[in-house]
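All remarks here apply to the structure that follows.
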Amino acid sequence: MKKTLLSIFSFLLIVFSVDGQTLWNSIQNIDPNTGNDPYVIASGDLDGDTDIDLAIGTYNFSADVVKWYQNDGNGNFTLMPTVSNLGTLSGIGGIVIADYDGINGNDIVVSSYSNDTVMFYANDGSGGFNTGVAISTTADGAGQLTAVDINNDGNLDVSIAEYDGGVASWLPGNGDGTFGAKQTIVAVNLPGNLSFDDFDGDGDQDALIGYIDGTTSGTIEIYYNQYVESGMTSVSWIKDTVTVNSGNPYLLVTAFADVNDDGTLDIIKSDNVSGDVAWYSKTKNGPSIETIISDDSIIDRPAVVAVADLDNDTYNDVILTDGGSTNDAIIWFESTDVGTFNSEALIYDNNYQHYGITIADLDGDGDKDIATIGYFSNTVDWYENILETLTINDNTTTKFSIFPNPTKDVLNFEGINDSTIKISIIDVLGKTVLNISQNSSQNLDVSSLSNGIYTITVDGKFLSKFIKE
């Protein structure tokens with residue numbers, strides 16, 4: 001895809017009875033030698049050209065590095081100068097890409113497990129990053145990081161899973177690249193991973209924490225952010241009275257997601273020892289209903305589980321990777337569109353051991369691709385999503401357009417016969433930012449979206465891009 005901004009999106013489309021089928025191109029290598037044991041990966045625009053770039057960190061405890069790869073918009077990546085100074089980090093267990101200082105675009109924040117440190121690398125606006133600044137040196141066994149606004153001040157904060165310290169904590173961001181003192185969410189042994197979303201619907205971000213104990217009692221717990229309820233400027237937390245799930249030997253992933261597409265947040269997990277990958281429907285302070293997606297007969301040592309719409313049908317699918325070397329490396333489970341999933345389908349098989357993946361439109365063609373790091377292979381690779389359309393019922397063509405484009409406030413539609421339409425909007429990171437059903441004659445309010453380029457899908461058939469100014 002050429003890096004141009006299109007002013008008009010009006011085109012002829014064939015009307016299909018089936019939305020499409022997702023196939024995958026062969027593995028495409030980005031970096032054949034990352035350094036030993038790449039462990040974390042993130043995606044985002046790092047050079048201000050709207051294309052999705054990649055950043056990774058290694059976890060070898062010896063001269064670990066942060067590297068980034070510039071995307072030309074077509075999925076061709078160039079290794080750029082290394083972000084971190086060699087030897088300054090040991091065991092990079094977390095990485096996020098986000099704009100923390102309000103200038104020059106997205107920055108990079110990483111955690112160093114052995115150094116008990118969280119480092120901030122400011123984007124210098126010219127294709128590089130400033131020398132790292134330690135924003136915390138007391139994060140004991142710093143691991144997974146999350147970019148999230150916890151105190152509702154409009155500035156991104158950083159959450160930290162402090163594995164050795166037995167603390168889930170956060171650093172308040174000031175919006176200028178500086179951070180306040182570290183605060184505690186909860187102090188409980190061995191927090192392995194954190195996820196945030198507004199689970200109770202009160203307007204602030206709640207925390208989901210997966211605890212790893214290495215035996216059989218790892219639990220998944222929800223902590224409700226009381227910022228809105230308190231009416232104060234401080235943040236406090238209240239634990240849900242009912243544990244989401246317990247008896248997990250080694251939780252690698254716990255996350256909020258709308259797994260069954262009912263508009264309500266669920267919880268998804270991956271346990272690397274038991275082999276269980278499951279999702280949970282839960283009410284506040286109420287019980288959970290477990291649904292197994294995959295067990296050890298499919299992948300014995302599952303690693304990453306993620307939820308995303310891979311086939312552009314507006315329904316969420318599930319992606320799963322192998323944390324070992326004996327089973328299929330990357331598989332996916334297609335949504336049946338009614339809250340269940342089809343049997344596993346292969347994306348690719350190798351023995352790379354994928355502890356980190358990121359899902360985004362890497363080649364600008366409107367569907368989500370997957371980039372991975374190989375812990376065994378010391379590589380960065382990506383897999384192109386090839387969305388094929390099937391089963392033509394009618395060879396008539398339909399002219400579909402959206403306008404105005406670019407837009408500041410609303411979008412209008414032409415060329416749609418259905419009175420009620422289902423609309424899905426996805427940002428450049430592959431995150432669904434809007435799902436709505438409405439009358440096709442109504443305009444769509446997009447005024448609340450941040451400025452940028454978005455992909456819009458209507459009824460799973462019509463797909464286009466638009467620019468929000």
Side-chain angles (χ1 to χ4, degrees), residues 93-94 96 111 118 136 138-153 155-173 179-213 217-248 250-259 264-271 278-290 307:
V96 293
S111 64
V118 180
S136 176
T138 61
D140 192 3
Q144 185 221 21
L145 304 176
T146 311
V148 58
D149 182 5
I150 289 176
N151 57 355
N152 280 19
D153 64 353
N155 300 320
L156 284 174
D157 310 310
V158 180
S159 77
I160 315 165
E162 299 185 47
Y163 186 75
D164 288 348
V167 174
S169 62
W170 65 288
L171 297 168
F179 296 80
K182 183 160 62 76
Q183 300 184 33
T184 295
I185 299 173
V186 63
V188 180
N189 285 338
L190 306 180
N193 43 82
L194 287 76
S195 176
F196 292 86
D197 214 317
D198 186 9
F199 188 78
D200 57 4
D202 66 352
D204 52 31
Q205 296 287 301
D206 306 308
L208 177 75
I209 306 178
Y211 297 100
I212 302 171
D213 71 347
S217 58
T219 63
I220 305 172
E221 308 284 1
I222 296 175
Y223 294 85
Y224 296 106
N225 189 341
Q226 300 300 294
Y227 180 83
V228 170
E229 289 89 338
S230 68
M232 302 170 63
T233 58
S234 60
V235 174
S236 59
W237 306 85
I238 294 178
K239 182 181 176 182
D240 191 292
T241 58
V242 182
T243 295
V244 177
N245 183 245
S246 59
N248 299 282
Y250 205 89
L251 290 165
L252 278 186
V253 174
T254 54
F256 286 127
D258 183 6
V259 180
T264 302
L265 285 172
D266 309 301
I267 296 101
I268 196 163
K269 78 167 185 186
S270 171
D271 191 291
W279 70 275
Y280 300 88
S281 174
K282 177 175 166 54
T283 57
K284 183 177 181 179
N285 296 321
S288 300
I289 300 174
E290 179 183 78
V307 176

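In what follows, residues are counted from 1 in the order of the sequence shown. FYI, side chains are in, hydrogens and waters are out, and symmetry mates aren't considered; it's all heavy atoms of this structure.
- Across all non-hydrogen atoms, the minimal contact from Val96 to Ala147 is CG1-N, 3.9 Å.
- Contact annotation: the side chain of Thr243 never approaches that of Ile220 to less than 4.5 Å [non-hydrogen atoms, C-beta and beyond].
- Phe256 has its side chain within reach of Ile267: a pair of non-hydrogen atoms, C-beta onward, lies under 4.5 Å apart.
- Side chain of Asn225 to main chain of Ile150: a donor-acceptor pair is present (N/O by atom type, distance under 3.5 Å, no hydrogens or angles).
- Side-chain atoms of Ser246 never come within 3.5 Å of backbone atoms of Thr219 as a donor-acceptor pair (strictly under, hydrogens ignored).
- Side-chain N or O atoms of Asn285 include none that pairs as donor or acceptor with a backbone N or O of Asp240 at under 3.5 Å.
- Shortest non-hydrogen contact noted between Ala139 and Val118 is CB-CG2, 4.3 Å.
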Run the numbers on Val307 and Trp279 for side-chain contact (heavy atoms from CB on, under 4.5 Å), then give the verdict.
-> CA-CA 11 Å; Val307 176; Trp279 70 275; over 6 Å; no
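- Counting heavy atoms from C-beta on, the side chains of Phe199 and Leu208 never come closer than 4.5 Å.
- Side-chain atoms of Asn189 do not come within 3.5 Å of backbone N or O of Gly166 as any donor-acceptor pair.
- Counting heavy atoms from C-beta on, the side chains of Gln144 and Leu194 come closer than 4.5 Å.
- Residues forming a ring pair (Phe, Tyr, Trp, His ring centres under 6.0 Å) with Tyr211 (at least two apart in sequence, or on another chain): none.
- By the 4.5 Å heavy-atom criterion applied to side chains, Asp153 and Tyr227 are not counted as neighbours.
- The heavy-atom pair separating Asn193 from Leu251 by the smallest distance is ND2-O, 3.3 Å.
- Distance check: Asn155 CG to Phe179 CZ gives 9.5 Å after rounding to the nearest 0.5 Å.
- A donor-acceptor contact shorter than 3.5 Å links the side chain of Asp157 to the backbone of Gly173.
- Distance check, rounded to the nearest 0.5 Å: CH2 of Trp170 to CH2 of Trp237 gives 7.5 Å.
- The backbone N or O of Ser288 sits nowhere less than 3.5 Å from a side-chain atom of Glu290 that would complete a donor-acceptor pair.
- To the nearest 0.5 Å, the span separating CG on Leu156 from CG on Leu171 amounts to 12.5 Å.
- The shortest distance between side-chain heavy atoms of Asp206 and Tyr223 does not fall below 4.5 Å.
- Counting only distance, with no hydrogens or angles, the side chain of Lys282 and the backbone of Val242 share a donor-acceptor pair below 3.5 Å.
- No side-chain heavy atom of Val186 sits under 4.5 Å from any side-chain heavy atom of Glu221.
- Scanning both residues, Gly192 and Ala161, for their nearest heavy atoms gives O-CB, 3.9 Å.
- In this structure, CG on Asp258 lies 10.0 Å from OG on Ser281, to the nearest 0.5 angstrom.
- Remark: Asp204 engages no residue in a side-chain hydrogen bond (donor to acceptor under 3.5 Å, both in side chains) (not counting sequence neighbours).
- Residues Lys284 and Ile222 have side chains not in contact (no heavy-atom distance under 4.5 Å, counting atoms from C-beta outward).
- Summarising the geometry of Ala187 relative to Val167, their closest heavy-atom pair is CB-CG2, 4.1 Å, with the distance given to 0.1 Å.
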Could you go step by step and tell me if Glu162 and Ser169 meet the side-chain hydrogen bond (donor to acceptor under 3.5 Å, both in side chains) rule?
-> CA-CA 7 Å; Glu162 299 185 47; Ser169 62; 2.6 Å; yes
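- Remark: side-chain polar atoms of Thr146 are not paired, donor with acceptor, to backbone N or O of Ser159 under 3.5 angstrom.
- Shown here for Leu190 and Ile212, the closest heavy-atom pair between the two residues is CB-O, 2.7 Å.
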